[in-house]
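In what follows, a structure is listed as structure tokens, so that the remarks can point back to it.
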Amino acid sequence: MTLTDTEQAPQAKGGRRLSTSKAMVEAIAQEMERDESVFYLGEDVGAYGGIFSSTTGLLEQFGPKRIIDTPISETGFIGLAVGAATEGMRPIAELMFADFMGVCLDQIYNHMAKIGYFSGGRVKVPMVLTTAVGGGYSDGGQHSQTLWGTFAHLPGMKVVVPSNPADAKGLMTSAIRDDSPVVYMFHKGIMGLPWMAKNRRSIDLVPEGEYTVPIGKAAVARAGTDVTVVTLSLSVHHVLDVADTLAGEGIDVEVLDLRSVVPLDREAILASVAKTRRLVVVDEDYLSFGLSGEVVAGVVEADPTLLTAVRRVAVPDVPIPYARSLEYAVLPRHDRIEAAIRSVLP
Amino acid sequence: MSTTTPAPAVQELSTETRLGLYASMVLVRTFEEAILREYHADKGPGFDIGKGLVPGEMHLAAGQEPVSAGVCAHLTADDAVTATHRPHHFAIAHGMALRPMAAEIFGRTTGLGRGRGGHMHLFDPDTHFSCSGIIAEGYPPALGMAFAFRSRGTDAIAVAVTGEGAANQGAFHESLNLAALWNLPVVFVVEDNDWGISVPRSASTSIPNNADRAAAYGMPGHRVEGNDVEAVHEAAGRAVARARAGSGPSLIEVHTLRMWGHFEGDAQGYRPDLADVASHDPIPAYEDRLRSAHVLDDATVARVRAQASAQVEDAITFAKDSPEPDPADAALYVFAEEAQS
């Protein structure tokens with residue numbers, strides 16, 4: 001049984017609903033058909049189809065020369081992708097969990113991200129590094145982090161984080177076509193996996209054919225006037241759920257889905273905050289020295305008088321715990337988000 | 001016998017090849033001596049590493065020319081080389097243009113990286129040359145270059161260079177495994193100059209011969225003793241031919257000599273062999289050998305040196321005459337769309 005079997009929705013005009021993982025795979029397949037220099041490599045991406053269904057069916061379609069199972073050897077194969085990219089290929093390298101960045105970080109931040117700069121723009125590194133992020137299913141502190149703030153802190157990589165199937169497709173297509181290295185971070189909780197609790201929006205309408213979403217443009221996931229919530233990835237869904245609840249009380253929440261951490265759409269943040277004057281940032285990454293502080297600082301630097309109230313909801317600088325009660329306590333979930341929104345209202 | 005493949009007797013090379021090896025070594029040394037001169041010219045009273053025309057750390061390769069000359073003699077500009085933080089000898093031997101190379105070392109806009117890279121980060125698409133300041137981490141990208149060449153159906157290969165200290169890093173072992181597993185056209189070169197900065201090989205490496213490690217990954221390994229350019233040439237010839245033919249990677253370790261410090265300013269107090277180093281200079285040794293074989297005479301030596309000097313001084317002058325980057329442009333080229341050309 002597949003997800004689309006179980007959650008079949010009425011077809012919209014010319015549309016069909018896909019899980020986020022299927023939308024992502026569709027983008028990869030279309031780009032591989034369009035451009036022979038695109039190939040995908042990583043651990044268990046072949047016959048298995050990716051631990052989080054990031055490559056389901058691609059081996060059958062494109063064969064083992066382009067969908068390549070690697071040894072457990074992240075420095076080796078991510079570095080290989082870097083070298084292939086400098087020679088004009090367009091590799092997609094999958095780091096199974098973002099948490100594993102430590103074993104191969106040098107290839108990521110000293111090589112993939114810096115070669116373009118070191119060469120004064122004369123050498124391009126057109127590769128995509130995909131990686132699974134996020135917790136909420138008791139996988140422990142080495143398999144549940146998001147870490148986009150870490151990637152984003154290190155210059156030279158674009159960092160995109162889709163929250164829904166259409167964006168997953170559009171951002172993947174843009175990432176593959178981009179001449180800069182792009183880190184594409186997909187939250188396990190939005191993939192629509194049959195073996196994990198999934199949000200109802202993880203299966204949704206996805207445009208057919210070639211579809212791009214520009215990198216660096218946030219999306220207004222819900223328009224509102226009372227408070228701006230800036231967020232991304234799975235948290236978008238939690239915030240939308242909370243916004244639906246609060247709407248019953250006449251509280252009108254605007255939800256901004258960043259979609260890209262690098263470049264960060266500072267203008268969209270400012271435009272929304274200028275309207276609502278109240279800001280909540282919801283981030284599944286660690287609280288300190290990260291994305292949530294960056295968003296707030298960007299607003300304050302642009303105009304310190306814009307904000308009347310601000311709150312951050314993030315992981316409070318502890319490793320992600322295992323026990324469900326502890327993990328739910330540190331993740332930005334509905335209760336904490338709702339409390340933060342209420343706290344900034346007059 | 002500690003090598004995993006026997007070393008055949010070195011074949012007599014043609015005069016042209018021998019002169020080519022000699023000229024390559026002389027050009028490298030001439031360049032290194034010029035950089036040494038410019039580097040120390042204005043470091044202020046005492047030694048301030050950030051001062052002068054050439055600021056920052058400087059790692060020179062004097063004494064290691066036999067490795068670059070012997071290996072690169074088998075390469076064309078279509079082949080890739082990934083080198084280390086000590087990259088000049090391989091860059092020059094692989095044919096990098098001296099003007100943009102010198103300009104990059106001087107941090108000028110006409111440099112290979114428009115002043116963003118510096119001497120440890122030279123990237124040249126024309127010769128598929130790159131290097132890395134991180135120990136052993138230049139190996140994995142070489143796999144990708146080889147992968148790209150093979151995917152495109154060319155017979156180009158990649159040469160990945162490290163020092164002997166790098167052979168204890170994970171990236172070294174991952175790369176050997178992956179290259180052998182996927183039969184990639186790579187030649188791994190280890191320059192054993194005996195010293196990982198100040199730590200001798202005996203204190204860093206559990207076996208005396210890194211070439212033996214090749215056997216663990218199912219590829220041929222060969223160690224060249226004596227810092228002999230013709231022996232390197234011979235071993236590299238076999239490894240390059242094997243890679244080009246699609247028969248997979250090889251590892252060559254060359255026992256070479258770091259004549260100068262790890263970096264300029266390194267007093268080398270840790271080094272017991274310092275007094276003898278100059279007497280082991282491989283360039284006069286090769287010169288003597290070629291003179292004995294009647295391949296070289298005074299006139300040829302003078303001509304080779306004069307040509308090298310003219311080329312190098314032209315590059316140094318070009319670098320000095322080139323403009324410094326505009327400070328307002330420091331953020332350019334972080335992303336590809338910022339590239340002007």
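Just so it is clear: chains get the letters A, B, ... in the order the sequence lines come, proteins before strands, and each one is counted from 1. Keep in mind the model is a prediction, meaning the values are calculated, not measured.
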Carboxylate-amine/guanidinium proximity below 4.0 Å for A:Lys124 and B:Glu338: no

Residue part contacting chain B, namely of A:Val182, when any heavy atom lies under 4.5 Å: neither

Part of A:Ser73 lying under 4.5 Å from any heavy atom of chain B: both

Shortest non-hydrogen contact between A:Pro71 and B:Leu181, atoms and distance: CG-CD2, 3.6 Å

Minimum side-chain heavy-atom gap A:Glu74-B:Glu174 below 4.5 Å: no

Ring centre gap for B:Tyr333 and A:Phe118 strictly below 6.0 Å: no

For A:Arg122 against B:Leu112, the heavy-atom pair lying closest together: NH1-O, 2.9 Å

Smallest separation among heavy atoms of B:Ala148 and A:Met89, with atom names: CA-SD, 3.4 Å

Heavy-atom contact with chain A under 4.5 Å, split by part of B:Thr109: neither

Which atoms of B:Ile134 approach chain A - backbone, side chain, both or neither, heavy atom under 4.5 Å: side chain

Shortest non-hydrogen contact between A:Asp178 and B:Glu337, atoms and distance: OD1-OE1, 4.2 Å

Exercise: identify the closest heavy-atom pair between A:Tyr117 and B:Arg116: O-CB, 3.0 Å

A:Ser119 side-chain N/O to B:Gly113 backbone N/O, donor-acceptor pair under 3.5 Å: no

Part of A:Met112 within contact of chain B (heavy atom distance under 4.5 Å): neither

Note, B:Trp182 side chain near A:Ile68 side chain (heavy atom, < 4.5 Å): yes

